[in-house]
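In what follows, a single structure is set out as structure tokens and then discussed.
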Number of protein chains: 2
Amino acid sequence: MPDSEGHPDFDELELGAVLTALADPIRRQVVAVLAGEPDGTERPCSSFGLPLTKSTLTYHFRLLRESGLVRQVNRGNSRMAQLRRADLEARFPGLLALVVAETQQAGKGAPSVAGNTARAPH
Amino acid sequence: MPDSEGHPDFDELELGAVLTALADPIRRQVVAVLAGEPDGTERPCSSFGLPLTKSTLTYHFRLLRESGLVRQVNRGNSRMAQLRRADLEARFPGLLALVVAETQQAGKGAPSVAGNTARAPH
DNA sequence: AGGAAGGTATGATGCAAGTCGTACCTTCGT
DNA sequence: ACGAAGGTACGACTTGCATCATACCTTCCT
């Protein structure tokens with residue numbers, strides 16, 4: 001399985017897919033964290049402290065990758081994710097800023113993973 | 001049932017709700033059409049030529065209203081929708097432009113849902 | 001070599017989203 | 001007064017989304 005599997009090309013970026021990906025609070029938080037770090041920063045999926053199982057993480061990062069929000073690269077053991085900042089800024093200017101602004105504004109208390117998809121565990 | 005039912009206040013606008021609303025292509029199209037008209041334009045739900053039943057239309061416009069994207073006001077017979085342009089631009093700058101850009105880029109052929117149901121004030 | 005760590009694949013499950021049909025309510029125009 | 005037009009409310013149904021558990025595969029580190 002090649003490395004660049006599932007990464008849409010720049011001119012294949014679709015607003016619908018990006019908005020769908022960003023509609024989920026978990027994925028929005030991942031994007032916000034990545035956007036808040038210096039450009040080119042790479043982080044493994046497991047480094048976000050999300051209260052989810054590994055398989056659910058894989059699911060979310062697959063959506064982030066296939067929508068074009070992040071690029072994933074195999075670095076030995078783990079699979080690093082980095083924000084496709086330049087592509088996104090060129091294609092959807094201002095969008096990342098909105099996601100960042102949300103977390104900065106809501107980050108007064110300690111929301112950790114706040115979301116509108118509250119759901120009781122089974 | 002009062003008129004302003006279900007309209008979030010300006011400082012209640014949430015990015016999550018807005019992105020969720022815009023994740024659906026139908027609703028994105030409605031927003032794009034409204035955004036492409038002069039500010040303050042009012043249109044009834046039925047004037048968008050969407051291939052949906054009345055009840056489904058009500059459903060979509062309810063989401064648009066409750067997320068804060070449009071304001072709905074009773075004008076006699078019908079319920080006019082207008083884009084909350086200033087609020088959205090102040091709160092989520094650049095977001096509307098992204099939605100408009102999508103349709104302009106894809107809309108080389110025919111906008112299909114452009115309809116002229118401009119209304120004279122009473 | 002063998003285990004731990006990081007990810008993926010697949011199947012199952014529960015809930016939400018989008019759609020429709022029907023019934024019902026207003027308002028407008030005859 | 002009556003019907004047509006525009007919307008809403010509610011129930012039913014289908015599909016997709018988010019989640020987990022389990023099993024499996026790599027790569028690193030003793």
Side-chain angles (χ1 to χ4, degrees), chain A residues 1-7 16-30 42-67 70-82 113-122, chain B residues 1-7 16-30 42-67 69-82 115 117-122:
Chain A
M1 198 179 298
D3 238 24
S4 56
E5 192 66 48
H7 290 96
V18 170
L19 291 180
T20 301
L22 289 178
D24 185 281
I26 297 274
R27 296 190 289 264
R28 215 156 55 235
Q29 186 171 351
V30 169
E42 293 182 346
R43 298 188 59 161
C45 324
S46 51
S47 74
F48 291 86
L50 296 168
L52 299 169
T53 63
K54 289 195 298 177
S55 40
T56 306
L57 274 186
T58 300
Y59 165 71
H60 283 299
F61 275 86
R62 181 161 60 87
L63 285 194
L64 286 171
R65 164 171 32 99
E66 291 179 346
S67 67
V70 308
R71 186 176 288 112
Q72 278 182 297
V73 186
N74 286 335
R75 289 246 182 278
N77 201 3
S78 44
R79 198 165 196 187
M80 296 302 205
Q82 61 178 311
V113 179
N116 47 11
T117 319
R119 173 176 304 179
H122 65 298
Chain B
M1 213 173 289
D3 237 26
S4 56
E5 193 65 50
H7 290 97
V18 170
L19 291 180
T20 301
L22 289 178
D24 187 280
I26 297 273
R27 297 190 289 265
R28 213 157 54 237
Q29 187 168 359
V30 169
E42 293 181 346
R43 299 187 60 160
C45 324
S46 50
S47 73
F48 291 86
L50 296 168
L52 299 169
T53 62
K54 287 196 298 177
S55 41
T56 305
L57 274 187
T58 300
Y59 166 71
H60 282 297
F61 275 86
R62 180 159 60 87
L63 285 194
L64 286 171
R65 163 171 32 100
E66 291 179 346
S67 67
L69 279 165
V70 309
R71 185 176 288 114
Q72 277 181 298
V73 52
N74 286 334
R75 289 246 182 279
N77 202 1
S78 44
R79 197 166 197 188
M80 295 302 203
Q82 62 177 311
T117 320
R119 181 201 65 84
H122 64 305

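Each chain gets a letter, A, B and so on, in the order its sequence line appears, and its residues count up from 1.
- Arg28(B) places a side-chain N or O within donor-acceptor distance of the main-chain N or O of Leu22(B), the cut-off being under 3.5 Å.
- Between Val70(B) and His7(B) the shortest heavy-atom distance is O-CD2, 3.8 Å.
- Counting to the nearest Å, the P atom of dA5(D) and the CE atom of Met80(B) are 17 Å from each other.
- Nearest nucleotide to the Pro44(A) side chain, out of dA18(D), dG7(C), dG6(D): dG7(C).
- Comparing dA18(D), dG7(D), dC20(C) by their nearest atom to the side chain of Thr53(B) picks out dC20(C).
- Contact annotation: His60(B) reaches the phosphate of dT19(C) (side-chain N/O to OP1 or OP2, under 4.0 Å).
- Within 4.0 Å (heavy atoms only), Thr56(A) reaches at least one base atom of the nucleic acid.
- Side-chain N/O atoms of Ser46(B) include none lying less than 4.0 angstrom from OP1 or OP2 on dA5(D).
- The distance between atom CG of Asn77(A) and atom C1' of dG3(C), rounded to the nearest whole Å, is 13 Å.
- Applying the 3.5 Å distance criterion, the base of dA21(D) shares a donor-acceptor pair with the side chain of Ser55(A).
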Derivation of the side-chain contact (heavy atoms from CB on, under 4.5 Å) call for Leu57(B) and Phe48(B): CA-CA 10 Å; Leu57(B) 274 187; Phe48(B) 291 86; over 6 Å; no
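- Contact record, Ser67(B) with Ala17(B): CB-O, 3.7 Å, taken as the closest heavy-atom pair.
- Using a 4.0 Å heavy-atom criterion, one finds that Leu52(A) contacts the sugar-phosphate atoms exclusively.
- Note on Tyr59(B): a base of the nucleic acid sits closer than 4.0 angstrom, heavy atoms only.
- Side-chain atoms of Arg27(A) come within 3.5 Å of backbone N or O of Ala21(A) as a donor-acceptor pair.
- Where Gly76(A) and Thr20(A) each meet DNA chain D at their nearest nucleotide, the meeting point lying more 5' is that of Thr20(A).
- Arg75(B) places its CZ atom 18 Å from the C1' atom of dA5(D), with the value rounded to the nearest Å.
- Between the side chain of Ser78(A) and the base of dG7(C) there is no donor-acceptor pair of N/O atoms closer than 3.5 Å.
- At dA9(D), none of the side-chain N or O atoms of Arg62(B) fall inside 4.0 Å of OP1 or OP2 (strictly under the cut-off).
- When the C1' atom of dC17(D) is taken as reference, atom CG of Leu22(A) falls 16 Å away, rounded to whole Å.
- One interatomic measurement links the two molecules: CG of Leu57(B) to P of dC20(C), which rounds to 9 Å at whole-angstrom precision.
- Between the C1' atom of dG6(D) and the CG atom of Leu50(B) lies a distance of 15 Å, rounded to the nearest Å.
- Across the protein-nucleic acid pair, Arg65(A) atom CZ and dA9(C) atom C1' stand 12 Å apart, rounded to whole Å.
- Heavy atoms only, all atoms of each residue included: Ile26(A) and Asp24(A) are closest at N-OD1, 2.8 Å.
- Atom NZ of Lys54(B) is separated from atom C1' of dC10(D) by 15 Å (rounded to the nearest Å).
- Side-chain proximity of Gln72(B) to the nucleotides dT26(D), dG6(D), dT8(D) is greatest for dT8(D).
- Using a 4.0 Å heavy-atom distance criterion, Arg27(A) is classed as a sugar-phosphate-only contact.
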